[in-house]
Structures are given as structure tokens and as C-alpha cells.
Amino acid sequence: MTESDVLLYGHDPTPGIVSVYADYSGQAWVWRREGHQVTLEQTRFRPWVFARDLTDVASLVLSRDDPEAPFHVKELTGKVGSLKYLLTAKDGYSLRRVIFQNATQRLGRQITGFHDLRGYVSAGPTEQYLTATGRTYFKGMSFDDPVRLQFDLETTSLTPDQGRIFMIAVRDNRGFEKVLEARRSAQEADMIGELVQVIQERDPDIIENHNINSFDLPFLMGRARTLRVPLELGRQGGPAGIWRVQDGRSSPHWAVAGREILDTIDAVRRMDLPSASLKAVSQIFGIAPPDRVYLEGEKITETYRDNPALVRKYALQDVEEVDHLARRVLSASFALAKMTPRPYHRLPYAGPAMGVLEPMLIRAYYHAGHALPPEQPYHAEPHSGGHVELFAEGVLARVVKADVASLYPSVIRAERIEPQSDPLHVFLHLMDRLTALRLQHKAAMRRGEAGEHQAMQSAMKLIINAGYGYLGAGRMALFGDREAADQVTTKGRDILNTVVSDLRAGGVTLIEADTDGVYFSVPEGWSEQQERELIRAVDAELPEGISLEFDGRWQAMLSHEIKNYALLGYDGKLTVRGASFDTVRTEPFARDFMQRALPCLLKGDLTGVQDAFQFTLNALQQRQLTNREVATRVRLTKTPEQYRASKRRENQYEAMLSAGVPWQAGERVYQYQQQEKGWRPLDGNPDGRDYDVQAYVQTLLTGYVTRLRKGLTAEDYRQLFRPVHEQGLFDLPVSDMRPVWRAVDTSRVR
DNA sequence: CTCATACGGGG
DNA sequence: GTGTACGTATGAG
């Protein structure tokens, strides 16, 4: 693959950069790997700021012709009002200080950063270095060329002031593997020292774990502080220490000089999976080994006491799983790190638009010596969205989904829509090049060629799809353009409308349309080939560059509300979408009910639906369930003191207080409704059966049974979900009932 | 209903 | 002496 497109990769082809640390004083440390050798280049760069005018730097001596002067200004080509002054300095701290001081005076409020100051664009030091030099990480490297090390702590608690570390599993992608242990508290300090030593000796470029930023590192730092063990995880020659990356979000991120700290959870969280936990995700991706040991968090300490070998195995499997998971979920970020002027560790949690695309746009303007765009005009209204429409609700058979492949990116490229503030046409160039590259990688994948084609193509896709969102991102997006974004959605709605009416003309029953996809039901007797032919025929009518694709087929669908539905595959697999059907708070008994009832409803087996209902009702009434199976998980965010001080009474806290159970802020507990006593913590009696039957029957009826309503006639619904002893005189045999659907005429545009 | 805040996940 | 910004569910008003 060529890395010669300077807009895509930056203009400096230096290979093998594995980590960069820079500061505002203009110093930069660049670590490069060539095979086994890692070299540190200590260098300087000129910190930069794009400015709209020079008012805040009027007190500085600004050179216009000596680019090495303490402060330099270059007037850039650009329109009136654009950021047409590129200020650079030998020492970026002084430049920033002067600007903030003068702006504070001018505006009469404390200015401490560019984020609360209009008329400037700058970046963090490492990003400035990469932008100014045109360098990027990892050029010429594959995912496993850097040394990647994973470590995972086993602890006696979730917080370092209440527990300690008793085990650390550590491995790397060069074959190293070790389990460090501290059976007794007195050995913990030595074990931490040993981890530091392992890291210094194995000298990884990248340190990975799942949730490393919110768990392992804070825990490790907490213990090291308490035990007074020096914790140097960074590389020799660079600034020492470990520091919190200020990224404005609640969860912390950490950085050390010379190594990239990567958290697989950041990448997993944006994948829209039912859970982001390591174990769940590993199973979904099929990377859990067949002999995987699963231990409940709370039981790990006691398991270690009785069976340390099992915990060792568990801990090693954790780090091995992280290695596989990282290869799977971080390779897109790895690929993007070769393109965008940002450190690798930021990419899994940087947004693809502001975090990846915009830095590339800024870099292009920096190198062209062209001004950055002025601020966008303010729009009170959000820009218009996609076409969303529900055509039918209830149970429909023979369901097919068709979608327009990459609708918005295709519209952007086909209609040549670009930000009006992008005279260099960088946006469209990037869209075109990324799409072309994506297609190359997809083709290579299809030919079965070796290499990271899957990672590359998904990385490209990520950024291409971000293009539209970026245009509509509002004032935060430097090159955002509301009108351009509106053009994209307008065209997108036109296309979807065409698809919808052409499909309808093809004789199918439409169910729902959402932005770029349509679910519909085909007439009885249609073969899959006929379904695909219809989609091909509709596709043929679409404009050049836009294509409709077959996206799946199911034996039936329960359409409940827009974006809330259940599908039953031809293989019998049930898929539910939307908060109506399943959330984290869903009680186990209710989840079980839905899993039993939905497939029956979708197959038209209403006897089965009734059985599922009676089964659950019976189980509740006969107290065949335990409290655990009716409990919901709640989170106690306030401390007891905070709660007592607050006005509002909340069930979950009252439950803890009335039971006399202490809690800590942030704690997660299970609670259930106890007979006559209301909400109680589950902990006291998880295997008991003293739950409030009436309350849970009510929950079943109002919270879950109602989700099936759209698939039944009103009479059938009433009859099916009535207690069995209340048989009515005019009841129909259930075996004669059939699920129903009806057309709806609510249409709206988001 | 809309707006704001908290969460995820880790032992 | 680094570095603003995720997506979604629930609670508050």
C-alpha cells in the first residue's frame, strides 16, 4: 500500500515511530523502532497557533521574516475573518501565556485555554509536533511490529484503599509470559517492583488491557503510593512519571513518555455490543478459548486461597484474551494512527470526525500556508436528519431488509458536496481517497491476500462515515457546514423515498424505513432469489454511485415501534432491538419470559405464548422463583450523607436505609420488592422467595406482556393474558388465533 | 415531554 | 508546565 498521499499520511515518510512526547516548550521525544532496535530522537519544533487577528499578541515582538525568531507570524492566504495568522514560537508556553493574559484583560474574564477563546485554533503539543512535521505513527509497520505488552491485576477489592493486589499476569507479543504473585500482603510491594522491572526489561512500545485506564492503572498507582514503591512505566530518556490526560470526560486516561497506553474498552464501547465486558466481548467475537476459566469477581480472592493454580490460569487467559481482542478492535486505530497527526493512544476514544478527520484537514491547511475557516454562523435549529417512517406494526412474515450502501458518503461523493469553507477541497479529496483505499482493501480481502486489509477497510469506513457527521457537527467543527449537511440529508431522503416507492410498486408490504434501510415483508411463496431480484431491480433505478443492497432475511418480525422490533431468523435465532425489549434493568424472570414468548409469537404459535405467560405467572405466584430472579440492578451514586442531605426520596436509597445496610457512592447493588415491605437490598436474602408477588405480576403485565400487544387482536390479547381460571364464556380456542399486523400512517422526519 | 447527569467496566 | 467533547439510559424538572 502506498503511503505517498500527503493529505492522507502527512508529508514526512519517516517509518517506525512508536511513540511521541512533546511539550509546549518545543521539545519533542520521538521513539522509533527498527526491528529489535528502539532509538530515541530528541528534537525541537515550533509550537503554533492559528489566529484571526493579532490583538492579543500586540505586546510581542513578532518577526515576519525570521522563522527562527522567538516569535514569528506568517500571514496566510484566506478570506476576511478567517484565521489567517500562523503564530509560531520558540517557546509555546510564553506564546500561550501572552495570548491568555491579553485576552483575559480584553474580555474581562479569566482565560486559561483556547477552548474558552474565539478566534484561535491550536492543539496539544504532540499533535502540534505531528502536524508541523507531517509525521505520523507506525509508518511501514504492521500491528504486531511494535512490542505490545498486556498486564492484568487480580485484587481483593475494586478500590485500592480497601484491598490489595495479589497477582499480576503479564505477557507480550514476543512470547513472554509470567504470573507475579503476592500471597502475603508483605510481598505486594516487591511484586509491584517486579512488574516495573518486567516492563523496563521487555521495553514494550504499547501497554494494553481491558479497562486499564479506569481500573488497573489507578489501582496500581494507589497501591504504589501507599507502599511507597516507585512506579516508573515510561521509557528511559523521556520525562518520568505517569499523568492523567485531560480529555474532558469523566473517565480518566493515562499517559507515560515513550509508551502508548491502550485500553481495549475504549474501542469496544463504540461497537454497540450488548456488553463491553472482556468476557462477554470475547465470547461474541469467538476468541475465548474452549477451556476458559470464569470466576466471579467477588469470589476471586477466596478461590485464590483454595485453588491458586486456577486463578493463575484465569489471569493468564485474561491477558491472552486482551491480546486477541486488541488485534481485533484496535487495528482500526492502529491503521488511522498512520494517517492522522495524533498519538495512537488517543484514537480509540477520539471521535472519528473531530479526533481524526479534522486534524488531517488542519494539517493540510497548515502545510498549504492557507488560513483556517472563520467561525460558522450560529444556527438555533439542529440540521434536518434522515427519513424515518413506520409503515406497519405487528407480526409480519417473510421479512427482508435492504439498505443503501454507505448512503451519506455516497451522496457526498456523487453530488460533490463539500464544506463551503474548504477552498483547497481537502474534505472531498480525503473522502475520495479513503473510499478508493477502502475498496482496494476490500478487494484484497476478497482475494484472500495476507495483510491487515480488514483493519484498513474498517478504519477507512469509520472516517468516511464520519464525514457527514462532521459537516453537521455544528460550531465545534472547524470545517463544519450546516448547509452542506442539509444537502446530504435532503438527497438521502430523496433516495430513500425512491427506494420505498419502488419496493412498494414491486408488490411487497413495507414495515419500516430508517435513514438508509428498509424492512419489508414479501408475499407468500417468494423465494430468496425473488427477494434479491426485486432489490436489484430497485437498485438499477438509483443514481450512479448509489446502490441498494440485500441486508438479510428473517422468517418473521414483530414491529413494535420505530427502531423497536424482534426478528426471528430462519435458523430460529431471535434478535431484539430497542429499549422496549431489553435493557440492563430487565429482571431475569422477565428476560426469560420474553425469550420464551417472542419466538412463539413470531412463529404464530399463540398457545406457546400463552404457555410462556402462564409459566411465568405460575412461577411468580407459586414462588418458584428466587429473589435473585426478580431483582434489578441499581446504582447508588450518592453517599449516605449526600442522600440524607437531598430533598428527593428515592426507592433505592430508602431500601438501603430501612435495611440498615451501609453503602458507598458508586456501588452497584441488586434490589427487589419484598412482600409488604417494599424495596430491599437483595444481599440479605438472594435465595429467598419473599418477593412481592402482586408487584411482579404487575411488572410482567405492564412492562413486558404489553410488548406483544401489537402482534395480537385486542380480544386475543385480553384472552391470552388472563389468569387461567378466568376462562370466559365466549373464548376462542387459542390454537385458532393468529398473530396480526396493521398498517400505520404515522410518518415523520427527524 | 425536554434537559441534565451518570454510567460503562474492573476484583 | 500536556492535551476539551462517546453514546446512551435514567433521573430531575
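Letters A, B, ... are given to chains in the order of the sequence lines, protein chains preceding strands, and every chain is numbered from 1.
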For A:Tyr93 and A:Tyr24, run ring-ring contact (aromatic ring centres under 6.0 Å, His included): C-alpha distance rounded to whole Å, both residues' side-chain angles, the deciding distance at 0.1 Å, then the answer. CA-CA 5 Å; A:Tyr93 287 117; A:Tyr24 285 126; 5.6 Å; yes
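- Closest to the A:Arg269 side chain, of the nucleotides C:dT4, B:dG10, B:dG8, is B:dG8.
- Atom-to-atom, NZ of A:Lys299 to P of B:dG11 comes out at 15 Å; the value is rounded to the nearest Å.
- A heavy atom closer than 4.0 Å to some atom of DNA chain B occurs in A:Ser214, A:Phe215, these being the qualifying members of residues 212-220 of chain A.
- To the nearest 0.5 Å, the span separating CD1 on A:Ile212 from OG1 on A:Thr264 amounts to 9.0 Å.
- Note on A:Glu298: a base of the nucleic acid sits closer than 4.0 angstrom, heavy atoms only.
- At a threshold of 4.0 angstrom between heavy atoms, the contacts of A:Tyr24 are confined to the sugar-phosphate backbone, with no base atom among them.
- A salt bridge links A:Glu181 and A:Arg312; the closest N-O separation between the charged side-chain nitrogens and carboxylate oxygens is under 4.0 Å.
- Evaluation of the salt bridge (charged side-chain N to carboxylate O under 4.0 Å, His left out) rule for A:Lys299 yields A:Glu296 as partners, not counting sequence neighbours.
- The distance between atom CG of A:Asn209 and atom C1' of B:dG8, rounded to the nearest whole Å, is 16 Å.
- Note on A:Phe114: nothing from the nucleic acid sits closer than 4.0 angstrom, heavy atoms only.
- Closest to the side chain of A:Leu158, from the set C:dG3, B:dG11, C:dA5, is B:dG11.
- Among the nucleotides B:dG9, C:dG3, C:dC6, the one closest to the side chain of A:Arg270 is C:dC6.
- You'll find that the side chain of A:Tyr93 is closest to C:dG1, out of C:dG1, C:dC6, B:dG10.
- Qualifying side-chain hydrogen bond (donor to acceptor under 3.5 Å, both in side chains) partners for A:Tyr366, counting only residues two or more places apart in sequence or in other chains: none.
- Looking at A:Glu41 and A:Arg135, a side-chain N of the basic residue comes within less than 4.0 Å of a carboxylate O on the acidic one, giving a salt bridge.
- With C:dG3, B:dG11, B:dG9 as the candidates, the nucleotide lying closest to the side chain of A:Thr155 is B:dG11.
- Checked against C:dG3, B:dG11, B:dG9, the side chain of A:Pro343 finds its nearest nucleotide in C:dG3.
- As judged by a 4.0 angstrom heavy-atom cut-off over every strand, A:Arg164 is placed among residues making no nucleic acid contact.
- Within 4.0 Å (heavy atoms only), A:Asp263 reaches no atom of the nucleic acid at all.
- Taking 4.0 Å as the cut-off between side-chain N and carboxylate O, A:Glu194 and A:Lys178 count as a salt-bridged pair.
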